[in-house]
Novice: 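The structure's right below; bear with me while I get my questions together.
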Amino acid sequence: MERRRVGHVDVIALIDNVQTYPAGAVYPEAGGALARFAGYLDRDGGLTLNFAAFVVRDGATTVLVDTGWGPELNGRLLAELAEAGVSLDDIDIVTFTHLHGDHTGWNLDRATGKPLFPRARYLVPTGDWDHYDAATPPTDSFTRDMLPLQATGRLELIDGEHSLSPGLTTLPTPGHTPGHTSLMISSSGEHGCILGDVVISMIDAEVPSLKTAFDSDHSMARATREATIARLASEGSLVGASHLPAPGFGRFSIGSGTSRWLAD
Ligand SMILES: [Zn+2]
């Protein structure tokens, strides 16, 4: 659990889990190009991904962005929230960057089937809802985490740039999934972004054109990745990224035509 500030907005990174994947499986078309990134990999070519969620507090509004893997993978989200002094009752809004299972796991109390955050509205990008609602067969996580949530009446679909508070506005960043959406922070002249999976490692921060195994539409993901990195670098934004090294805070810098992730 770590905190940063963007103007008057508090941002807390919660680490649900950390897992290592073969880099060659994450970037299936990279081939020998991965050799240059050996410093980011373990001895066996494994790429360690953080699985983060973020609490963002703007005045009286407390937002949780994404809900991690959930209890089945020994997720630590609830312990991290407790460590941060944030109770389940404190969350006004849960918003999702997208509906992959590593971002929806703590939606519901498994024992009661009720929303785990008892007062929260749960905001879902329409593009992702429509995509996963139409999938046959449905994904396990959609069936487990989203359909029962919809049945509680607590779920709301959002589109485009949607204001959550004076300093917090959603921004569509499609490609990783059809409705992928980031959360932009603007407060007292400072900028921040809860990025989601637009960039998942220091490798695609440096080579945004690289195809990842997890993007649903590579060319759209690439265009979004390049444009978003350029915008966040030019704004000097503090970025909270789901899968960059824990705790997931950093900034993008662009120099000599190359982009980089600088941990913050
Ligand atoms: Zn993810």
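Remember, it's 1-based here, ligands and their atoms both numbered in the order they're listed. Only this structure's heavy atoms are used, side chains among them; waters, hydrogens and symmetry mates stay out.
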Novice: Does the side chain of T67 come under 3.5 Å of the side chain of T104 through a donor N or O and an acceptor N or O?
Specialist: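 Their side chains do not contain a donor-acceptor pair, so the 3.5 Å distance test is not met.
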Novice: Do any N/O/S atoms of H243 come under 2.8 Å of the Zn ion (ligand 1)?
Specialist: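 It does: H243 brings an N, O or S atom closer than 2.8 Å to the Zn ion (ligand 1).
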Novice: Taking the Zn ion (ligand 1) as the reference point, name the nearest N/O/S atom of D102.
Specialist: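 Going through the N, O and S atoms of D102 one by one, OD2 ends up nearest to the Zn ion (ligand 1).
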Novice: State yes or no: are the ring centers of H100 and H180 separated by less than 6.0 Å?
Specialist: no
Novice: Is R225 salt-bridged to D215, cutoff N-O under 4.0 Å?
Specialist: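 Salt bridge present between R225 and D215.
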Novice: Hey, are S216 and T177 close enough side-chain-wise for a donor-acceptor pair under 3.5 Å?
Specialist: no
Novice: As a test of reading the structure, name the N/O/S atom of D197 that is nearest the Zn ion (ligand 1).
Specialist: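 The D197 atom nearest to the Zn ion (ligand 1), restricting to N, O or S, is OD2.
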Novice: How about H103: does one of its N, O or S atoms come closer than 2.8 Å to the Zn ion (ligand 1)?
Specialist: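 Looking at H103, which is the residue asked about, there is an N, O or S atom under 2.8 Å from the Zn ion (ligand 1).
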